[in-house]
Amino acid sequence: MINLSKSLFTVLLFASISGDLNAETALTGQWLTDLEKQTLLDPQTSGVTFRKGELVVVGDQSAHETNRMKLFRIDPNTAAAITQPIQITVAESLKNSCFYNYLADKPDLEALTWDRLDDTTLITVTEDASAYQLSNECAKKFNQSNSTAYPTLLLKIQVDSALTRAEIVAVRPVQFPLEAKVGNFPNDGIEGLAVDDHQNLYLALEQDIANKPKLFKTRLTQDFWLRDNFVKVIDANLSLPVLDDNDHPINGIEFLPSPILGHPGYLVAVARNDDELWVFDLTNRIPPYVQKLSFYVSTDDSGLCPAYDKLVQTALEAVTINNGTVYLINDPWKQHYADNIQCGTHTDKFKRMSPLLFKMPVDPRWYTPYRPKTQTALPAISGLAALDQNHYLAVQDKKIQRQGDRLTLIQVNQDQQLTAQNLFVTNWPAGQASNDLEAVCALPGQNGEFLIAESGTWQGSFGRLFHIKVFPTYAQVLNTFELPVERDNSPEQDGDNFEGLACAKKDVNRYLVILGERGTATAAGFLQWGELDMAAASIQWNGQKIQVTGPTALKNRNYNRVIADLHLEGDVLWASAVLDSSDNGPFTSAVYPLALVNPAAKQPISLMAERPVLWQIDGFKVEALASPSPLIPGSALMIGTDDENYHGQFRPLATTEQSPYGNPSPKPATTK
């Protein structure tokens, strides 16, 4: 019967991990034990980090006096101590520090991490120092903590490689932003530390003056520990889950790298009072993932007790992650830990305030870079290309100073209204997002792969062509190429403005890439082409340019942009031309056949002698053309608009009487 109960518990655990998003994950704890196989006596475990295959644990000032200012080396598989606890000492060099008296007594150490560049440097943080006072001189220097009278302290613990000794060798007081309104709460301070892959140090605050937890960050610069002034942390700008007015402190955090190249990663936070993990995407594009937890401890095989007791009071405070496993340790709450005594099997352990180690796998759902939400309002669309028969990739022309997504995935459905989803882009070169994306084309034969182009250079920067791959919820930059430059854009002059892009396959791994320069009210646009060699990861631009003056046989119509987009359908290169009076309009647009394309020819582009306007679209600024969707019968092309202050539209163009593509036998221009 006992074995059956344990088997059922295993099934319950598996179901909770693999079930729905709101399912509770059940975890079984292992008691932390010393070298004599006895459970640890009240270490008040407040921080843990993973180092060289073992867990390193620290406790706070309320620990049993024999276990204060100690590091515990724990086997992550058995939860057993590897050595005797390591005493943390204070360096003689800190005797003249403003904070020495506190550090030499019983500082309240509340977290543990290491700086990711040197595994002999551990970092901890202090919390409650309300029983201590700074000297008058030190108080004048450090009275602007914008929190407690005695400031929060970041401490550098120097250890040797074998971790046989540990010494506090540097200290930095923390200054919080005044606008953060942290409040003067000595025992509700920083409880978690984590370092990401870019040497950002994150600090988790239990609660601010509004009774809400907060996350801050700073940079671990090369001279970080050489200074003795304030560390001025900033808000990490991470949204919290929806919280009520009760206490929801964060009592531990850890960095979780993303498997997606270029993604900044995640923070996994312990919400102690809620028995939850909160997973923060560091892009802050989505709400935190809330992982509900429940905690159990095995009893015995006597048959007198249930196989497992569920803990009613756990008080998690420490979290670390390594190789896909999350390690969690609780900090027994002295007033309530005995509430867990149920069957009586572990009465002595609960009375000794012995902590437990819990383990769980990283849930792949935590990695979702975008949790889809339906939106019907479209951003301004500056380029468009079909992904499949009911999905289109749209690009946005946001300038570099504007935050937010640059790509949108639009879904066409015969039975439902149009839906759209913004896509996060990973692996921008040097972490620099695009500036003024104006065009996109799908690479034939490369499923989900596209080229997207900026409009040109700006004071010598940008002017990039990106090779990207689109996944269901994000896109990744695979490579970056330079666009040809004739005229640089600057405050003094208008330069190149490429607004059209088309792709055609030439051979295995070789593509013809056509650019369209938009032109102005007084200057013609032009077409220019190059050859992309995917295998060599290079592009060679042809210096020849074909002048484009827009549609022919116009009647009282003048377009100040003769190429607002390009689209290759079969061998016909289509273009849109627009009249753009101001950001408030009025707008008018024309769609016309521009050229015939033969990728294999030495001269691959033949400009048409007659370029009639086959679709006149008044009131809209058509900056995007794409293939029609088979889900929309009678459609000839899809268009997208960038109507400036009026945002964007996505529509089909109806087939004309002339042909599905408007011109049954376009004639190339004659040349002399």
Which pairs of donor and acceptor atoms, one on a side chain in residues 72-83, lie under 3.5 Å apart (sequence neighbours left out)?
unit_1, atom_1, unit_2, atom_2, d
R73, NE, E54, OE2, 2.6
R73, NH1, A162, O, 3.3
R73, NH1, L163, O, 3.1
R73, NH2, E54, OE1, 3.3
R73, NH2, E54, OE2, 3.3
D75, OD1, N77, N, 2.8
T78, OG1, A80, N, 3.2

Name the atoms and distances for all side-chain donor-acceptor pairs under 3.5 Å in residues 179-193, with sequence neighbours left out.
unit_1, atom_1, unit_2, atom_2, d
D188, OD2, Q207, NE2, 3.4
E191, OE1, N251, ND2, 3.3

> Hey, mind stepping through Q44 and S62 against side chain to side chain donor-acceptor pair (under 3.5 Å) and telling me if it holds?
Replying inline: CA-CA 7 Å; Q44 291 295 294; S62 60; 3.3 Å; yes
>> For T25 and Q291: C-alpha separation, side-chain torsions, deciding distance, then whether side chain to side chain donor-acceptor pair (under 3.5 Å) applies.
In response: CA-CA 8 Å; T25 296; Q291 178 72 66; 2.9 Å; yes
>> Quick one, D223 with R227, criterion salt bridge (charged side-chain N to carboxylate O under 4.0 Å, His left out). Give me CA distance, side-chain angles, the key distance, then yes/no.
In response: CA-CA 7 Å; D223 63 347; R227 301 184 177 189; 3.0 Å; yes
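Applying the side chain to side chain contact (heavy atoms under 4.5 Å, CB included) criterion to D34, with sequence neighbours excluded, gives E36, Q38, L40. Residues passing the side chain to side chain contact (heavy atoms under 4.5 Å, CB included) test with K469, sequence neighbours excluded: E449, F471, L478. For the ring-ring contact (aromatic ring centres under 6.0 Å, His included) test, no residue two or more places apart in sequence or in another chain qualifies with Y202. The side chain to side chain donor-acceptor pair (under 3.5 Å) test applied to N146 returns no partner, not counting sequence neighbours.
R352 places a side-chain N or O within donor-acceptor distance of the main-chain N or O of T39, the cut-off being under 3.5 Å. Although no hydrogens or angles enter the test, the distance criterion places a donor-acceptor pair under 3.5 Å between the side chain of N284 and the main chain of S239. Panel note: side chain E206, backbone P213; no donor-acceptor pair is recorded below 3.5 Å. At least one donor-acceptor pair under 3.5 Å links the side chain of S258 to the backbone N or O of I260. Of the possible polar contacts, one joining the D115 side chain to the D118 backbone as a donor-acceptor pair under 3.5 Å is found. A distance-only check finds a donor-acceptor pair linking the side chain of D160 to the backbone of R165 [under 3.5 Å]. The closest donor-acceptor contact from the side chain of E127 to the backbone of T152 lies at 3.5 Å or more, if one exists at all.
Ring pair W278/H248 is tilted by interplanar angle, where 30° to 60° counts as tilted. Using a 30° and 60° split on the angle between ring planes, H346 and W31 fall in the tilted class, from 30° to 60°. By the 30° and 60° cut-offs, the orientation of the rings of H263 relative to F424 is perpendicular.
Other residues, nucleotides and ligands contribute more than 12 heavy atoms inside 6.0 Å of the CD atom of Q335. Residue K52 qualifies as enclosed at atom NZ: its count of foreign heavy atoms under 6.0 Å is above 12. Environment of CG in D245: sparse, with no more than 12 heavy atoms of neighbouring residues, nucleotides or ligands closer than 6.0 Å. Annotation for N323: atom CG does not count as buried by contact number, only 12 or fewer foreign heavy atoms lying within 6.0 Å. The 12-atom threshold is exceeded at NZ of K334, counting heavy atoms of other residues, nucleotides or ligands nearer than 6.0 Å. Counting non-hydrogen atoms of neighbouring residues, nucleotides and ligands closer than 6.0 angstrom, the CD atom of Q133 reaches no more than 12 such neighbours.
The nearest pair of heavy atoms linking R68 to Q61 is NE-O, 3.1 Å. Between L134 and A139 the shortest heavy-atom distance is CB-N, 4.0 Å. Scanning both residues, L423 and P472, for their nearest heavy atoms gives CD2-O, 4.1 Å. Annotation for S46 and A318: closest pair C-CB, 4.2 Å, computed over non-hydrogen atoms. Here the closest heavy-atom approach between residue A269 and residue I253 is recorded as CB-CG2, 3.7 Å. T126 and P151 make their closest contact through OG1-O, 4.4 Å (heavy atoms, listed as atom of the first residue, atom of the second, distance).
Here the CG-CG distance, from L215 to L205, works out to 9.0 Å after rounding to the nearest 0.5 Å. Separating the CH2 atom in W225 from the CG atom in L154 is a distance of 5.5 Å, to the nearest 0.5 Å. Distance CD1/I341 to CG/D309: 10.5 Å, rounded to 0.5 Å. Between the CG atom of N427 and the CD atom of Q476 there is a distance of 5.5 Å, given to the nearest 0.5 Å. Between atom CH2 of residue W366 and atom CG of residue L256 there is a gap of 7.5 Å, rounded to the nearest 0.5 Å. With values rounded to the nearest 0.5 angstrom, L122 atom CG is found 6.5 Å from L71 atom CG.
By the 4.5 Å heavy-atom criterion applied to side chains, S294 and L27 are not counted as neighbours. Two residues are said to be in side-chain contact when any heavy atoms from C-beta on lie closer than 4.5 Å; I168 and Y100 fail this criterion. Using a 4.5 Å heavy-atom threshold, the side chains of F255 and D197 count as touching. No side-chain heavy atom of L356 sits less than 4.5 Å from a side-chain heavy atom of F295. Annotation: side chain of R51 is in contact with side chain of V159 (closest heavy-atom distance under 4.5 Å). At least one side-chain heavy atom of F230 sits less than 4.5 Å from a side-chain heavy atom of S145. In this structure the side chain of Y337 reaches within 4.5 angstrom of the side chain of N330, judged on heavy atoms. Within the 4.5 Å cutoff, side-chain heavy atoms of L293 are placed close to those of L277.
A salt bridge is defined here as a Lys NZ or Arg NE, NH1 or NH2 lying under 4.0 Å from an Asp or Glu carboxylate O, and K217 with D196 fails to meet this definition. Comment: D42 does not engage K351 in a salt bridge, judged by the lack of any side-chain N to carboxylate O separation of less than 4.0 angstrom.
Taking the six-membered ring for Trp, Y266 and F280 have ring centres at least 6.0 Å apart.
Taking the ring axis of W114 as reference, the NZ or CZ atom of R116 stays within 45° of it and closer than 6.0 Å to the ring centre. Both tests pass for R272 against the ring of W333: distance under 6.0 Å to the centre and angle within 45° of the axis.
T124 and E110 are not linked by any side-chain donor-acceptor pair at a separation below 3.5 angstrom, with hydrogens and angles left out of the test. In this model, a donor atom of one side chain and an acceptor atom of the other lie less than 3.5 Å apart for T320 and E254. Using a 3.5 Å distance cut-off with no hydrogens or angles, the side chains of H64 and N67 do not pair a donor with an acceptor. Defined by atom type and a distance below 3.5 Å, a donor-acceptor pair is present between the side-chain atoms of Q30 and K359. Side chains of Y132 and D105: a donor-acceptor N/O pair is present below 3.5 angstrom, by distance only. In summary, the side chains of N211 and D247 do present a donor paired with an acceptor at a separation below 3.5 Å, with no hydrogens or angles considered.
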